[in-house]
Amino acid sequence: MESRYKSFVAIENLADHIGQTVTLSGWVYDKTEKGKLVFIKLRDGSGIVQCVLFKPNVSEEIAGNAQQLTQESSVSITGTVRAEQRAPSGVELDVTDVRIWQLSKDYPITPKEHGVEFLMEHRHLWLRSARQHAIMRVRARVIKAIRDFFDGNGFRLMDSPIFTPNACEGTSTLFETEYFDLGKAYLTQSGQLYAEASAMALGKVYTFGPTFRAEKSKTRRHLTEFWMVEPEMAYFDLNDDMDLAEDLVEYIVQSCVKDCQRELATLGRDVSKLEAVRRPFYRMSYSEAVDWLNKNNVKLNRKQPDGSEIQIDFPWGEDFGAPQEEAIMQQFDRPCIIHRYPSEVKAFYMKRDPDNEKVVLAMDMLAPEGAGEIIGGSQREDNHDLLLERLRHENLPEDAFQWYLDLRKFGSVPHAGFGLGVERTVKWITGAEHIREVIPFPRMIYRIVP
RNA sequence: UCCGCAGUAGCUCAGCUGGUUAGAGCAUCUGACUGUUAAUCAGAGGGUCCGGGGUUCAAGUCCCUGCUGCGGAGCCA
C-alpha cells in the first residue's frame, strides 16, 4: 500500500495552499445544511476548516456521502482551497470529493454546554473539542520550551527513578506499592534528592517526569499525578537559583506568546498580560511579605478550640495559605518570588540563612492573575553534620538517607535547585479554570477513569 | 479529612406553601431553504424524577439514610 505520509496537508497550513486541490483527512466537527449547500467543519488535529459542498457541482453519490456525515465521523475530503474573509481562519475548501472511513453514531459531546462531571466521564472524547485541543497544544509548547531552555543552557537531562524506597520530604503522603521481596516501595513525590546526586556528577542537570502525591487535596490546583521539571545546579546559591527561575519562566511564557497565538485566541486569553511577563520579576522576603499583609490588614482566620473562627494579625512563622498568596499577588502584573521562609515550615534539606538562623534559603514563585505557586526551590544544606541533625529533628529514617548524606562527605559544594509544576504553569498561561483541564488524563482524589 | 451545595429526557436546566396526564432549549429522526458557523422554520420520537426507607388521602416536591458529583479549606508544584 502506498504511504500517505508525504501527501498529508495539515489544516493549520492551508493558507499556504490557496488555489490548490488538496485532500484533508480528519473528523467531522460539525455539519449544517442549507438547501443545496452542505457545510462541513473538518478537524484534523491541527485545526478546523469549513468545507463547502454545492450539490449541483458533484455527483449524487458524493453529495449523499456529505449529507450522511455525523459529528466525529472520520472522513477524507478533497477540494480546492479558497481564501474566504467570512471564515475565522481565512480559508475554506470547495469540496469535490468525500470519502467516508466510518460514520459515527450518537457522539455524546455536542457543541452545546455540558457539565463538568459529564465531560470528565468522557475525557477521552472531550480532548477533541476546540478548547481542550488548544490547551493541549499550549501544554506541548510549554514542555518543549522547558526542554529547549535547559538543553540550550548547558544542562543535562538526568531522569530520577519513579519507584523510591523513602520519602523525600517526609511530610506528604505517598502512594505505596509492593516491591518483590524488598518490602514497600513508594511512587516518587519529587526527583530532587536524586537530582542532587546527578548535579554532583554532571554539574547542571534537570530531571523531568511525573510525580505522585497521595494528599487528599480537593482544589482546582491539585492533581495526584502531575509533571514537574526540577533543575539542580552545583555551585549555585539562592540568588543564582532565583535568577534561573525567572529566566526559565520568562522563556516559557514568551515562547507561548510567540508560537501559540491561535490557541490563545481560541481560549480567549488576554495575551497582553502574558506579554508583560518580562524580567525582572518582583521579589520580597517572607518577613517583608508578613509586614505587607499586616500593613494592608489582610487577616488570618484562626479556628478556636470551641470551633468558632477569629481573625488575627498574620503571625511571623506561620506558612502562607492561598488567601495570603492571592492578596500579595493582586498588586503584581508579573510573577513574584518570596524567599527566606521560616525554617520550621520548610523541608529538612534546605540550608539555613547564615545571616538569620530562623529562616532557610528557600523561595517560591507565585504567578499573577490568581494562578498562585508555580515554583518551589531552595539552596540545599551542604554541611553533613547540620543535615544529619535536621534529619534526626524531623524523625526521618537515617538508614534510608545514607546515600544522600554521602553527597556531603565526598566533595560537598553549595548547590541549589527548584521544581516547576508543569500543569500549574499551563493553567496560568491558558487561563484554564481548573487544573484537570491542562493534563490529558487527570488523576485526582476521586477520579482515575478514563 | 472538614465545611457548604447538588442529583428530573442523550445534554443543560425549570418544576411555587405536596394536588390530577412530567416541562423547555439543545441533540436525534423526517421535511423546506445557495452562506450557515449557538442557523432558521414545520413536525416526530424520547422519562426507573440517583438508590433504599418513612410521613401523607396524595411525594419529583417533606423527613431519614446510602451512593455519586461539584465548590471551598488545609497540604503542596
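Note that the structure is a prediction, hence the values are computed from the model and not measured. Chain A is the first sequence line, chain B the second, and so forth, proteins listed ahead of strands; every chain is numbered from 1.
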- Report the residue from A/Trp292, A/Tyr341, A/Trp316 that forms a side chain to side chain donor-acceptor pair (under 3.5 Å) with A/Ser287. A/Trp316
- Message: From C-beta outward on A/Arg82, which listed nucleotide comes closest to its side chain: B/G69, B/A77, B/G35?
- Response: B/G35
- Task: Compare the minimum distances between each of B/C11, B/G69, B/G35 and the side chain of A/Glu117, then state the nucleotide with the smallest one.
- Result: B/G69
- Task: Considering only NZ, NE, NH1 and NH2 on the basic side and carboxylate oxygens on the acidic side, decide whether A/Asp333 and A/Lys273 come within less than 4.0 Å.
- Result: no
- Would A/Arg99 count as a cation-pi partner of A/Trp101, with NZ or CZ less than 6.0 Å from the six-membered ring centre and within 45° of the ring normal? yes
- Sugar-phosphate means primed atoms, P, OP1 and OP2; the rest is base. With that split, encode nucleotides 38-44 of chain B 5' to 3' as B, S or - using protein heavy atoms under 4.0 Å. BB-----
- Note on the structure: Closest to the side chain of A/Glu92, out of B/G72, B/C76, B/U36, is B/U36
- Message: Counting only side-chain nitrogens and oxygens, does A/Arg436 get under 4.0 Å of the OP1 or OP2 atom of B/G71?
- Response: yes
- Message: One thing to verify: whether A/Arg334 and A/Glu369 come together as a salt bridge, which I'm taking to mean a side-chain N less than 4.0 angstrom from a carboxylate O.
- Response: no
- Task: For the side chain of A/Arg220, starting at C-beta, report the closest nucleotide among B/A73, B/G69, B/G71.
- Result: B/G71
- Message: A/Phe418: which residues meet the ring pair (Phe, Tyr, Trp, His ring centres under 6.0 Å) condition with it, sequence neighbours left out?
- Response: none
- Lys/Arg N to Asp/Glu carboxylate O, A/Arg123 vs A/Glu121, below 4.0 Å: no
- How far does the C1' atom of B/G60 sit from the matching atom of B/C16, given to the nearest Å? 14 Å
- Against the side chain of A/Gln50, the closest entry in B/A77, B/U37, B/G74 is B/U37
